[in-house]
Amino acid sequence: MSGVFADVRAGMLTVWHDAAIATADAPETATADDAWTWIAANHRCNCELWAQEDAARRVDVPAEAIAANKRAIDGLNQRRNDAVERIDEALLARIAGVTPGPEAWHNAETAGAMIDRLSILALKVLHMGIEATRMDASAEHRTACAAKLERLRAQREDLSRCLDTLLARASTGHAFWRIYRQFKMYNDPSLNPALYRRARSDS
C-alpha cells in the first residue's frame, strides 16, 4: 500500500506489535494527534490488560486483591477504547478531503478496532506459542496449543488483509468507516445506577 496510509500497513503493525511486547516500548500515555501515538497507547493498554486478566483469575489471594485487579481492568479498558477512537480520528483526518462515492463500501468495523484486534492477536500468538513449547506440560497440551497457534496466525493474516483493503479503498473513496463511540456507562458515575444510587443514599 502506498500513499496516505503507507505507514500503517498491517505488516508493519504486526511486526511492531510483536516487538513492542518484547521491549515494552509503548508509552504509558499519548498526547500527540498522531495515529501511531495512539496505536502505541492502545497496545500498552492491551499488554497491561493481559497481565491483569491473568492475575484476576487467582484463587490464592484475598478478595481485595481481585477487586484491585478488576478496578485496574476497568480503567485500562477505558483507556484502550479511548485510544481506539483516537486512532480512528487520526486516520480519518488523513482522508478528510476524500468523499466516498455513492457505491462506496461502508465497513461496520472501524480501522481503529481492527488495529486493536491485531494488538490482541499479537498477545495471543505470543502466549499460545509459549504454551505450545512448554516442556513442563504434556505432549497433548503442546500439540493442541500448536494447532491453536496456527489458527491464530491464520486469523491475523485474514485481519491484516482486511485492514489493508479497507485503508486502500477508503483512501480512494471506494470504502469508508465511521467512528463509533463506546460510551462505557459503567465507568461513568452519572450513568452507572450502582454508583449514582449509592451517592444519593449517602447524601
Side-chain angles (χ1 to χ4, degrees), residues 1-18 20-21 26-27 29-47 49-50 53 73-125 148 150-188 190-192:
M1 187 195 309
S2 60
V4 69
F5 294 128
D7 65 316
V8 288
R9 295 192 305 272
M12 297 175 65
L13 285 165
T14 54
V15 168
W16 185 84
H17 279 145
D18 289 344
I21 295 171
T29 58
T31 56
D33 185 18
D34 173 75
W36 267 101
T37 304
W38 296 105
I39 288 167
N42 169 261
H43 194 48
R44 167 61 66 190
C45 288
N46 282 328
C47 291
L49 274 165
W50 189 281
E53 292 282 9
I73 288 167
D74 282 350
L76 286 164
N77 263 323
Q78 186 67 61
R79 288 165 47 198
R80 168 198 170 202
N81 283 290
D82 289 347
V84 169
E85 292 179 9
R86 292 299 188 94
I87 293 168
D88 281 320
E89 289 170 358
L91 294 178
L92 287 171
R94 298 185 184 188
I95 54 171
V98 177
T99 301
E103 302 300 321
W105 171 257
H106 180 187
N107 212 63
E109 185 174 33
T110 75
M114 296 167 82
I115 291 169
D116 175 58
R117 286 174 59 203
L118 284 173
S119 166
I120 296 168
L121 277 166
L123 285 157
K124 289 184 176 181
V125 165
K148 292 175 183 177
E150 289 308 305
R151 296 184 73 174
L152 287 168
R153 287 172 172 158
Q155 290 172 24
R156 183 154 74 161
E157 290 176 6
D158 289 346
L159 181 57
S160 294
R161 185 171 60 255
C162 290
L163 175 62
D164 283 346
T165 300
L166 173 61
L167 293 178
R169 292 182 178 177
S171 68
T172 60
H174 290 92
F176 68 97
W177 77 93
R178 296 191 178 105
I179 299 173
Y180 295 117
R181 306 296 179 182
Q182 295 299 312
F183 300 123
K184 293 294 185 181
M185 298 174 71
Y186 57 78
N187 277 337
D188 188 335
S190 70
L191 297 175
N192 182 336

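The figures here come from the full heavy-atom set of this structure, side chains too, leaving out hydrogens, waters and symmetry mates. All of these numbers come straight from a predicted model, not from anything done at the bench.
Of all the heavy atoms in A35 and R94, the pair that sits closest is CB-NH2, 3.8 Å. Summarising the geometry of A175 relative to A104, their closest heavy-atom pair is N-CB, 3.9 Å, with the distance given to 0.1 Å. For the pair G173 and V98, the tightest heavy-atom approach, listed with the atom from each and the gap, is N-CG1, 3.5 Å. Nearest heavy atom pair, residue Y180 against residue A108, reads CE1-O, 3.2 Å.
Of the inter-residue distances, the one linking I115 atom CD1 with L91 atom CG reads 5.5 Å to the nearest 0.5 angstrom. Once rounded to the nearest 0.5 Å, the distance linking CH2 of W16 with NE2 of H43 reads 5.5 Å. If you take CG on L13 and CG on L118, they are separated by 6.5 Å, rounding to the nearest 0.5 Å. Taken from CG in L152 to CD1 in I120, the straight-line distance is 12.0 Å, to the nearest 0.5 Å. Residue N107 holds its CG atom at 8.5 Å from OG1 of T110, rounded to the nearest 0.5 Å. Annotation: the span from N42 atom CG to R86 atom CZ amounts to 13.0 Å, rounded to 0.5 Å.
You'll find the side chain of I73 stays beyond 4.5 Å of the side chain of L76, heavy atoms only. Residues D34 and I39 form no side-chain contact, since every pair of their non-hydrogen atoms from C-beta on lies 4.5 Å or further apart. Here the side chains of W50 and I21 are not in contact, with every heavy-atom distance at 4.5 Å or above. You'll find the side chain of R117 stays beyond 4.5 Å of the side chain of Q155, heavy atoms only.
Counting only distance, with no hydrogens or angles, the side chain of H17 and the backbone of A122 share no donor-acceptor pair below 3.5 Å. Side-chain atoms of D88 come within 3.5 Å of backbone atoms of G112 as a donor-acceptor pair (strictly under, hydrogens ignored). For R156 (side chain) and L121 (main-chain N/O), no donor-acceptor pair under 3.5 Å exists by modelled atom type. Using a distance-only test at 3.5 Å, with no hydrogens or angles considered, a donor-acceptor pair links the side chain of D164 to the main chain of A10. Panel note: side chain W36, backbone D7; a donor-acceptor pair is recorded below 3.5 Å.
Note on E157 versus R151: no salt bridge recorded, every NZ/NE/NH1/NH2 to OD/OE distance being 4.0 Å or above. Ion pairing of D82 with R79 is absent here, as no side-chain N (NZ or NE/NH1/NH2) approaches a carboxylate O to less than 4.0 Å.
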How far apart are the C-alpha atoms of D116 and R80, what are their side-chain angles, what is the distance that settles it, and do they pass the salt bridge (charged side-chain N to carboxylate O under 4.0 Å, His left out) test? CA-CA 8 Å; D116 175 58; R80 168 198 170 202; 2.6 Å; yes
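Ring geometry, F176 versus H106: the interplanar angle falls under 30°, so the pair is classed parallel (tilted spans 30 to 60°).
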